[in-house]
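Every chain is numbered from 1, with letters handed out A, B, ... down the list of sequences.
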There are 2 protein chains.
Amino acid sequence: MSLPRIPDATVGRLPVYLRVLTDLDGAGVTTVSSEQLADLAGVNAAKVRKDLSYLGTYGTRGVGYGVDYLRFEISSRLGLATATGVAIVGLGNLGRALASHRGFADRGFPVVGLFDVDDAKVGTELAGVTIAHLDTLGAPDGPAVAIGVIATPAAVAQDVADRLVAAGVRAILDFAPTLISVPAGVTLRKVDLALELQVLSYYHHRDHALDADDPAAPSRSAPTR
Amino acid sequence: MSLPRIPDATVGRLPVYLRVLTDLDGAGVTTVSSEQLADLAGVNAAKVRKDLSYLGTYGTRGVGYGVDYLRFEISSRLGLATATGVAIVGLGNLGRALASHRGFADRGFPVVGLFDVDDAKVGTELAGVTIAHLDTLGAPDGPAVAIGVIATPAAVAQDVADRLVAAGVRAILDFAPTLISVPAGVTLRKVDLALELQVLSYYHHRDHALDADDPAAPSRSAPTR
DNA sequence: TAGATTGTTAATCGATTAACAATC
DNA sequence: TAGATTGTTAATCGATTAACAATC
């Protein structure tokens, strides 16, 4: 009765399919083929069918996939039905941008808590949420936090992670460029924006470094993740 | 005389090693073993040695790797010596955060251009750069842009990508959650913040959905990328 | 039935890892 | 020389892809 394991690579593509399906649904489309879905998601059709097969068999041969049904299935397997409140810790430039980012609430992750240690920020309001002091994280009268986002300087990221864990948060998205460790049972995912620029720099450099010497050098494309 | 191909997975880890090496250098450390580097980067030692072997043989058996030398090599292979100006298009919450993000300039990517279509924003200054109208992108008297960052709504992302390409930009980092296409020879990389939350949600849900039924269920950890 | 499209197989490709000979 | 640590091999594992039988 246990659900089949979904490969990591597939997990990373499910949100892309979900976004495409949501767009299709908004456009009134009710059925989609693996070929169409692949085009819209930027992958190939074999991969789409293989990925969706891990969810079960929700397509109809000769017809395609039901947009609504597939949306529901992916959403449910991603845990989006239960995932809710996001707390952002650290309201510097990045934290403030994330707090105001429409994309989060739009895709099922309302920002319910904002925390900082700067007294000049505590008490002020941002995107409809009042910034609280980090020391109040986990207080009984505080917001129900399902996911913690770390947007602090690297130097304090581990301390913030520890506080989030102590407050009962079991899923953390970390933007600080440093290694942090969390106990077993806590899910941690990292995003490093400068790293993305460096990786981009590598492929750009690789494909163009020799342009002056050899203008006819073939351009290979970088993986888009 | 051509450099050996570096696997994509390795390219994604080189910036992590570079960050660790920079920290070590700052702390006065001159030599590091694959074991130490692995610990600090959050991977295992075999992977570090394999990854570094693609750069050539810069270690010394029985001793380790020279911190300075390795930093230089990685930095050079990532193209960080030539990579320079970043232009950010779209100065909503995310774009403004990226423009003010210290991490970019700190790691070799100074923000030299800011572009938007909103006349209320054009002419104002942000992080020391005056916001210009998108129509002036690529103007002869404009900044030299090596990397373009798209931080606009999804609906206009393709148009912005086309304009960046027309202006001669050959490397694009795209934050808009939609599929965009660029001509061969242009390197595109995508970051989708809400997608990261959804992937996090999957692993969290998978590892905890059954907690109520089976509190002793083993917790598996999510890949941190 | 005929055409279309899924779901699955199997081959291929790329990434990871342990082990150890090479060598400082 | 003895101890330490790299660089590389080879086995294993996971991801991708084309092909096609199943079937709507």
Side-chain angles (χ1 to χ4, degrees), chain A residues 3-14 16-17 21 24 29-67 69-70 73-74 77 199 202-203 206 220-225, chain B residues 3-14 16-17 21 24 29-67 69-70 73-74 77 199 202-203 206 220-225:
Chain A
L3 295 167
R5 188 191 150 275
I6 300 181
D8 294 335
T10 296
V11 172
R13 285 187 293 265
L14 290 180
V16 177
Y17 301 146
L21 290 167
L24 287 173
V29 177
T30 58
T31 296
V32 67
S33 70
S34 58
E35 189 80 37
Q36 295 171 310
L37 189 44
D39 280 353
L40 295 166
V43 300
N44 70 44
K47 199 179 272 180
V48 167
R49 291 199 295 277
K50 186 79 169 151
D51 284 344
L52 297 185
S53 75
Y54 295 112
L55 301 178
T57 60
Y58 298 119
T60 304
R61 294 170 200 235
V63 178
Y65 299 87
V67 171
Y69 191 20
L70 201 49
E73 273 309 315
I74 294 178
R77 284 301 287 278
V199 170
Y202 169 79
Y203 289 105
R206 186 194 65 175
R220 291 152 292 180
S221 67
T224 290
R225 297 205 300 148
Chain B
L3 296 167
R5 187 191 151 276
I6 300 181
D8 293 337
T10 296
V11 172
R13 285 187 294 264
L14 289 180
V16 178
Y17 301 146
L21 291 167
L24 287 173
V29 177
T30 58
T31 296
V32 68
S33 70
S34 58
E35 189 80 37
Q36 296 170 309
L37 189 44
D39 279 352
L40 295 167
V43 299
N44 69 45
K47 199 179 273 181
V48 167
R49 291 198 297 276
K50 187 79 169 148
D51 284 343
L52 297 185
S53 76
Y54 295 112
L55 300 178
T57 60
Y58 297 119
T60 305
R61 292 172 201 234
V63 179
Y65 299 87
V67 171
Y69 191 21
L70 201 49
E73 273 309 315
I74 295 179
R77 284 301 288 278
V199 170
Y202 168 79
Y203 289 104
R206 185 194 65 177
R220 291 151 293 181
S221 67
T224 290
R225 297 204 302 147

Student: Is a donor-acceptor pair below 3.5 Å formed from side chain R61(A) to base dT23(D), judging by atom type as modelled?
Tutor: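 Not at all, since no donor on one side and acceptor on the other fall under 3.5 Å apart.
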Student: When the distance from CG of L70(A) to P of dT6(C) is rounded to whole Å, what number comes out?
Tutor: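 Taking CG of L70(A) and P of dT6(C), I get 11 Å after rounding.
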Student: State, to 0.1 Å, how close A45(A) and A38(A) come at their nearest heavy-atom pair, and which atoms those are.
Tutor: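 The pair with the smallest heavy-atom distance is N-CB, 3.5 Å.
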Student: Roughly how many Å is it from CD1 in I6(B) to P in dT16(C), rounded to a whole number?
Tutor: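 Rounded to whole Å, this separation is 14 Å.
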Student: For dT23(C), what is the paired nucleotide under Watson-Crick or G-U wobble rules, both distances under 3.5 Å?
Tutor: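 Partner of dT23(C): dA4(D).
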Student: Using the side-chain heavy atoms of S33(A), tell me which of these nucleotides is nearest: dT17(C), dA15(C), dT6(C).
Tutor: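 Closest of the options to the side chain of S33(A): dT6(C).
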Student: If you assign T60(A) and K47(A) each to the DNA chain D nucleotide with the nearest heavy atom, which residue ends up on the more 5' nucleotide?
Tutor: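 It is K47(A), whose closest nucleotide lies nearer the 5' terminus.
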Student: Nearest heavy-atom pair of S53(B) and K50(B): which atoms, and what distance?
Tutor: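 Scanning both residues, the minimum pair turns out to be OG-O, 2.6 Å.
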Student: Return the nearest nucleotide to the side chain of S53(A); candidates are dT8(C), dT8(D), dT6(C).
Tutor: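 Output: dT8(C).
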Student: Is any side-chain heavy atom of L52(A) closer than 4.5 Å to a side-chain heavy atom of Y17(A)?
Tutor: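 The answer is yes; the side chains approach within 4.5 Å.
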Student: Whether R49(B) contacts dA4(D) is assessed here as follows: a side-chain N or O lying under 4.0 Å from the phosphate OP1 or OP2. Is that the case?
Tutor: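 Indeed not, no polar side-chain atom of R49(B) lies that close.
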Student: To the side chain of A9(B), which of dA15(D), dT8(D), dT16(C) is closest?
Tutor: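 Nearest listed nucleotide: dT16(C).
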Student: Under 4.0 Å between a side-chain N or O of Y54(B) and OP1 or OP2 of dA15(C)?
Tutor: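 No, no such contact exists.
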Student: Taking CG from L52(B) and C1' from dG7(D), how many angstroms apart are they, rounded to a whole number?
Tutor: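 L52(B) atom CG is separated from dG7(D) atom C1' by 11 Å.
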Student: What's the CG-C1' distance between N44(B) and dT5(D), to the nearest Å?
Tutor: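 My rounded result for the distance is 15 Å.
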Student: A side-chain contact here means heavy atoms from C-beta on lying under 4.5 Å apart; do D8(A) and V199(B) qualify?
Tutor: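 The answer is no, as the side chains (C-beta and beyond) never meet within the 4.5 Å cut-off.
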Student: Look at all strands and tell whether Y58(B) reaches a base, only sugar-phosphate, or nothing, counting heavy atoms closer than 4.0 Å.
Tutor: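 Answer is sugar-phosphate: Y58(B) comes under 4.0 Å of backbone atoms only.
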Student: Taking for each residue the nucleotide of DNA chain D with the nearest heavy atom, is it V63(A) or A46(A) whose nucleotide lies nearer the 5' end?
Tutor: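 Between the two, 5'-proximity favours A46(A).
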Student: Please state how far atom CD in E35(B) lies from atom C1' in dT6(D), giving the value in whole angstrom units.
Tutor: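 My rounded result for the distance is 12 Å.
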Student: Rounded to whole angstroms, how far apart are CG on D8(B) and P on dC13(C)?
Tutor: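 Atom CG in D8(B) sits about 16 Å away from atom P in dC13(C).
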Student: Going by purine N1 to pyrimidine N3 plus the second Watson-Crick contact, or the G-U wobble pair, all under 3.5 Å, which nucleotide sits opposite dA10(C)?
Tutor: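 The base-pairing partner of dA10(C), which may sit in any strand shown, is dT17(D).
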Student: Identify the heavy atoms of T31(B) and V67(B) that sit nearest to each other, and give their distance.
Tutor: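 Minimum heavy-atom separation between T31(B) and V67(B): N-CG2, 3.7 Å.
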Student: Taking NZ from K50(A) and C1' from dA18(D), how many angstroms apart are they, rounded to a whole number?
Tutor: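 Checked: the NZ to C1' distance equals 12 Å.
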Student: Rounded off to whole Å, could you give me the CZ-to-P distance for the R5(B) and dG14(C) pair?
Tutor: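 Interatomic distance, CZ of R5(B) to P of dG14(C): 6 Å.
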